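Everything numeric in this text was worked out from a predicted model, so none of it was measured. Whatever order the structure lists them in is the order used to number ligands and atoms, beginning at 1.
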Amino acid sequence: MKHVLCFLAAVFVFFFFSSFCEKNAADVLVVGTNAEFPPFEMRGGADGNEIVGFDIDVARKVAEKSGKRLIVEDMKFDALIPALNAGKVDMVLAGMTVTPERAENVDFSEPYYKVTQIVLLRGSDAGKIKKIDDLKGKKIAVALGTTGDTVASSLTSADGLVRFDSVFEAVMELKNGKVDLVLTDEALGGVLHSKNPDLARVDLPFKDEYYAAAVKKGNKKLLDQINASLEDLKNTGEMDILLERHFSE
Ligand code: ARG
């Protein structure tokens, strides 16, 4: 009898907790990001270790709209699309550029920000790069799996390309004289240039790139909620206020 009671209690506890967990899973919205990309996502906030930034504000808005609690998962940039497709995150907001290759694997929201690639050089090398062709044969540092990586791959040989997990590491390598230049998005590149007076910035006619949120292919419900949130942010003027705030941080 005692055993039967124990068994029934265990079954009850099991079902109680599994329904609790399921309910929780339905109540949360998980955004994947790579918090090494200010002002779109970075560590900061009150304790310095919270993940903040423009993309996180957008993600919070989407969570609000869908009545869910937001959870932010930080990972390497090149792990984001696999995590989305494995169901580990519901959406990606990571200053991610829409590319035809990525669009084969995920669905993108409407674009929310436009950038292009820029070149960062040591100040002493300023003037050495004047056109895209001058990048050929140079030793270029990029962040792994980014559009900067794709552009650099089309310009230099495999030996000439050094890939890092973040643009910050690429810039360290540049400062240490180990590479000739860094290729990165104007958003972060501009911030790094203004904070590092020893660096020079060169703007070349690279293609325009557009940031968008990504969801698993076919997740129309979430995509609609993201697009509606972006629309709201634009219409209320909140988007410009948030961008301005994060860029001036
Ligand atoms: N826009 C570039 C890309 O999509 C770089 C994005 C890097 N974002 C980040 N959170 N590290 O490839």
> Listed by chain and number, what are the side chain to side chain donor-acceptor pair (under 3.5 Å) partners of Lys178, not counting sequence neighbours?
Replying inline: none

>> Which residues pass the side chain to side chain donor-acceptor pair (under 3.5 Å) test with Gln117, not counting sequence neighbours?
In response: Thr147, Asp185, Glu209

>> Whether the Lys175 and Asn196 side chains hold a donor-acceptor pair (N or O, under 3.5 Å, no angle test) is what I'd like checked.
In response: yes

>> Please output the residues near ligand 1 using a strict heavy-atom distance under 4.0 Å, listed in chain and residue-number order.
In response: Asn34, Phe37, Glu41, Phe77, Ala94, Gly95, Met96, Thr97, Arg102, Thr146, Thr147, Asp185, Tyr211

Show me, pair by pair, the donor-acceptor contacts under 3.5 angstrom made by side chains of residues 131-138, not counting sequence neighbours?
unit_1, atom_1, unit_2, atom_2, d
Lys131, NZ, Asp134, OD1, 2.9
Asp133, OD1, Lys136, NZ, 3.1
Asp134, OD2, Lys130, N, 2.8
Asp134, OD2, Lys131, N, 3.0
Lys138, NZ, Asp134, O, 3.4

> Can the ring centroids of Tyr113 and Phe40 be said to lie less than 6.0 angstrom from one another?
Replying inline: yes

> Does atom CE of Met75 have more than 12 heavy-atom neighbours, drawn from other residues, nucleotides or ligands, at distances under 6.0 Å?
Replying inline: yes

